[in-house]
Every structure is written in structure tokens, then in C-alpha cells.
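Everything on this sheet refers to the single structure shown next.
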2 protein chains.
Amino acid sequence: MTSPSSADPAARPLRADAERSVRTILEAAERVLSANPAASMEQVAEAAGVARTTIHRRFATRQALMDAMADAAVAQLRAVVDEGRPETAPPLVALHEITANVLRTKISWRFALDLPAAPGSPAAQGQRDVARRCLELFGRARDLGLLAARTDLEWARRVYYALIGEALHGDDAGTDPDVLAGRVVDTLLHGLAPAAEPAPPLNRCRRSVAAPAPAGEGWEGREPWGGCLDRDGSADA
Amino acid sequence: MTSPSSADPAARPLRADAERSVRTILEAAERVLSANPAASMEQVAEAAGVARTTIHRRFATRQALMDAMADAAVAQLRAVVDEGRPETAPPLVALHEITANVLRTKISWRFALDLPAAPGSPAAQGQRDVARRCLELFGRARDLGLLAARTDLEWARRVYYALIGEALHGDDAGTDPDVLAGRVVDTLLHGLAPAAEPAPPLNRCRRSVAAPAPAGEGWEGREPWGGCLDRDGSADA
DNA sequence: GACAACCGCGACAGTCATGTTGCAGTTCCA
DNA sequence: TGGAACTGCAACATGACTGTCGCGGTTGTC
């Protein structure tokens, strides 16, 4: 977890105890704001075991704290996606590995990963990068026949993100991330119908996803790796 | 849309203009709070074209307004689920119909349907009822061989809710609800892999969903029909 | 050991939102 | 048509939260 101060190379490095304080504040903020997004800075300070003025010393405003949380969480996310080797490992192996890694990260940074990233911020760039690599991984899988040839990659990415988000809700959120990852990948690829006997379609035009892929970088919505959402400023959803 | 006053049979019925005001306030609140969950009562009043005191005349507190929104939206949801005849129509027909209906409703009441329902409120009861009927519909589908025999119905319900939620995000949110419903149902049943040629599993135990069904009524998370969330009081966009 | 960095304390100012109130004008319904 | 219900206005009180500040004590690093 990089501290915000080390994100600014021009800034003098913090003393070790200040580094620890920053990390403690970010982790406490994640816990407190996950439980109640409207919690006050005072409540975050109490959870971190520091004075409110100490938070203000390190983060000028409440928004600055949120931005730092988002940046730190997305940096963590990028790292665990890297570990899954999406460009080089066999696609399904990479997919499973990345899914498990992302689930672990999201467990710890659920709130921070759902924060809307400020445009141009490291978090926003990181989100875009992760989404791009996800699309590329799905593209490789499709090229290898692991996804239906007509798969809309953008829809696939959104479904994948939604399943990851959902895997962390409910009573089984404490389940091993590898088990959850298996479930997510299996549901993503095979759905709920019995294997090898697809049900007759409801309509004659049997396309899994017919809509054209949306243009450009307009990704949004609830990514398993975090994501911006159109409810501006809000943490929920 | 029933007004909150008519939900209280002991209360005298409102005059017609007051009924219109209440409806206008609820609809304006949905629009304004969807865009910004932290919007003030003043902003809701402006959007509704009434004075803030008029809102306070009909809803004692901000929370009372939210509760009324949730109750009204869930009543609407129950109605559109009824229209899909989940108990009597063939399961896939019912599923498609209900999905399209729910998408239409959720388009108009997205914020209200995501509000946490107060325990014991009509909204909470309605949510439970809808979830129960969803599980029953999936049970019927499984009994007819339309879902894999080992399907975890609770996971299926959560996946279904997640897909409905996701269908409303992204650039294609303006797409016809029937098209979106087709997409949701198809993805739910068949996933993204090519039809009739399931990919070899990553692990030898090839179960689509192995975890036992969670107990009782502990449903939570993001239902397509709305749902409580563990972020208390937050609407988080 | 010196010194700079770090932290906590308590207070203060400002902003914002909510909830309430009385009163006068308007609208609807029997 | 009369009267009750409905609504808007402006003000007020309260509470909560954020951001800032000066100062003194503590800690870490060279």
C-alpha cells in the first residue's frame, strides 16, 4: 500500500511513524466508511486511534482522504491483476487466478474500490487500465473458442464485474476466495442451465449478446475492481 | 403508485390536489436523489415545484420521505412481478416477462429500489415476498430440467439480481427492456462460453455451484427488484 | 544529545441542512 | 358558495460537521 506522500516524488519522505499513521488512517477509513459512508472524520479518527487533526494534517479535506483511499485501493488492484498474468497465462488459468486475487483485494477495499475516481487521478487511470486488460483477456479467450464467437466483450466484462461484486455479498462472503472464484468463472462461462443441452431460445433470433460493443472508454458501473458510478459523490452502489 | 396516505386506512383520504403533490414529490425525489443521493430537501422541493414546507407537511422527516419512496417502489415491483405470473406461466416465459417488467420498473425507481427497507416496513415485506417467488420460480425451472439439477437457488437468485442490475448500467441502458431481458436471461442460463461445448473445468470437481443454500430469509445484496445493502443509510450511487 | 518532525488538545468560525412555526392566500369539494 | 384543506413564505432554532489554529509534549533520525 503506497502512502499518498510517496505518490508525490517531490515531497520529502515521511518519517516511519507518519507512514504508519497514514496507513492506519486509510485502513480505518475503509472499515468505518464501508459500514457507514456518511461516517464523520471524527469517527474515522477514533477507529484509527489518532486525533482528527492528525487526519487533517495528512489529508487536507474529506475528499482528499477519499481520493487517497481510491488511489491506494486501485494500485493494489492493479498489482493483483498483474500477478494473474492476463497477457501470457492461458486465458482460463489467468481468469481464475485474477478472479481469486481480485476477490481477496475487494474484501479488504470494498468501499474504496467503489468510490468514483476523480478524472485524471491515478485511480481513474488504473481502473481504465484494468478494464482494458480484462477486455483483452476476454478477447484472447474468444479467439481460442473459449467464449462464444459472437460474445460482446463489453457486456462480458460488465457481467464478470457484476458476478464478482455479487460473490462478495451474501452469507458466503467468508468463503475461500478460490472457491468463490471457481463459482464466478463457472457461472460466467456456463450459466445455470444444464451443461451441453441448451434450452430452446424464447425467440428465434438466438444471439447471446446482439448489441454492438459500446464505443471508446466509456466504461462505468460496478466493476469488481471498483468503478465509478453515476451517482456522483456517493459511495454506495 | 399508491400515496403513503392511502397506505394508512385510518387516515382521511387526501384531496385530489394533495394526492398529486405527494406523487409529484416522490417522482421528483427519485430523479434528484438518483443523480445525487446527498441532495437536500430543498433541491427535491425545487424539482417537484413545491415549497420545502409542503414536503415536510406530507413527510415529517427526510427518512419518512425515503421510506415512502421505498414502499411505493416495491409496491410497483410486486405488481409487475404479479403480471409475469411466476407461479403459473411456463418458467422461461415467466422469467423473460418478469425480467422485462422489472427492468422497466427499475428504470423509473432505481434509487428507491436500492434503498434499505426499514425492518417490518411494507417495502421489506415486499422484497422478501418477491425474493421468495423468484426462488420458487427457479425451483420450478430446476424441477423441469431447465436449470442444472445441482443449482444453488439462492446463488441463482443473486446472480439473476446482479445481471438485472448490470443490464441497467452502461451505454445500452436505453435499450428496449425486452431486448435487455433476452440478454439477461440468456446470460443467466448459458453464460458466455460457446453453446453445447462446455469448456473443460479448471478443477476436477465440476459443480456449477457447490456451496449449500444459505438458510432462511437472509437475503440481501443488490436485488434487481431493489434490495437492502449493508451500507446503512447510504444510497451510494 | 540535539533538533526537526510528529501528534494531541481544545477552541473557534463557518457552512449547511433539517425541522418547526404562524399567518395569509389559494384551491377543491360537498 | 362557504368552508375546510392545501400551499407558500419567511424566519428561527438546533445540531452536526468540516477546516483551521496555536501551543506544548513526544518521538524518530542523524
Side-chain angles (χ1 to χ4, degrees), chain A residues 3-6 8 10-29 32-33 35-69 115 118 231-235, chain B residues 3-6 8 10-29 32-33 35-69 111 115 118 231-236:
Chain A
S3 68
S5 64
S6 62
D8 181 2
R12 70 184 302 144
L14 296 179
R15 261 169 41 177
D17 56 345
E19 285 269 1
R20 279 198 304 277
S21 289
V22 167
R23 195 174 301 124
T24 302
I25 291 165
L26 289 174
E27 289 166 3
V32 170
L33 294 170
N36 173 17
S40 66
M41 303 277 267
E42 182 65 41
Q43 287 172 296
V44 172
E46 284 171 20
V50 300
R52 187 167 66 85
T53 41
T54 300
I55 299 189
H56 280 295
R57 186 169 288 115
R58 301 295 163 205
F59 306 99
T61 63
R62 183 188 179 96
Q63 184 61 52
L65 172 61
M66 305 287 228
D67 290 344
M69 289 171 71
L115 286 170
R231 304 171 178 169
D232 35 325
S234 159
Chain B
S3 68
S5 64
S6 63
D8 180 4
R12 72 186 300 145
L14 296 179
R15 261 171 41 177
D17 56 346
E19 286 269 1
R20 281 197 303 276
S21 290
V22 167
R23 196 173 301 122
T24 301
I25 291 166
L26 289 174
E27 290 167 2
V32 170
L33 295 169
N36 174 18
S40 66
M41 303 276 268
E42 183 64 40
Q43 288 173 295
V44 172
E46 284 172 20
V50 299
R52 186 165 67 84
T53 40
T54 299
I55 299 189
H56 280 294
R57 186 168 289 114
R58 302 295 163 203
F59 306 99
T61 62
R62 182 186 179 98
Q63 185 60 54
L65 173 62
M66 305 287 226
D67 291 343
M69 290 171 71
F111 176 82
L115 285 169
R231 307 170 177 171
D232 33 324
S234 158
D236 180 339

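Quantities reported herein were computed from a predicted structural model and do not represent experimental measurements. Letters A, B, ... are given to chains in the order of the sequence lines, protein chains preceding strands, and every chain is numbered from 1.
For the pair B/Ser21 and A/Arg62, nearest-nucleotide mapping onto DNA chain D gives the more 5' position to B/Ser21. If you find the closest nucleotide of DNA chain D to B/Arg15 and to B/Thr53, the one lying nearer the 5' end belongs to B/Arg15. Nucleotides of DNA chain C nearest to B/His56 and B/Arg20 differ in position, and the one nearer the 5' end is that of B/His56. Nucleotides of DNA chain C nearest to B/Asp17 and A/Ile55 differ in position, and the one nearer the 5' end is that of A/Ile55.
For DNA chain C, the neighbouring residues in residues 39-50 of chain B, judged by any heavy atom under 4.0 Å, are B/Ser40, B/Met41.
For B/Arg52 and D/dC9, the shortest distance from a side-chain N or O to OP1 or OP2 is not below 4.0 Å. The phosphate of C/dC7 (OP1 or OP2) has a side-chain N or O of A/Arg58 nearer than 4.0 angstrom.
Shortest non-hydrogen contact noted between A/Met69 and A/Leu33 is SD-CD1, 4.0 Å. Taking both residues in full, the closest heavy atoms of A/Met41 and A/Leu65 are given as SD-CD2, 4.3 Å, listed atom of the first, atom of the second, then distance.
Nearest to the side chain of A/Leu14, among D/dG19, C/dC6, C/dC7, sits C/dC6.
Side-chain contact check for A/Leu14 versus A/Val22: some heavy-atom pair is nearer than 4.5 Å. Two residues are said to be in side-chain contact when any heavy atoms from C-beta on lie closer than 4.5 Å; B/Asp17 and B/Arg20 meet this criterion. Between A/Phe59 and A/Asp67, every side-chain heavy-atom pair lies at or beyond the 4.5 Å cut-off.
Between the side chain of B/Gln43 and the backbone N or O of B/Ser40, at least one donor-acceptor pair lies under 3.5 Å.
Rounded to whole angstrom, the span from the CD atom of B/Glu19 across to the P atom of C/dC28 amounts to 14 Å. Rounding to whole angstrom units, CZ of residue B/Arg57 and P of C/dT21 are separated by 12 Å.
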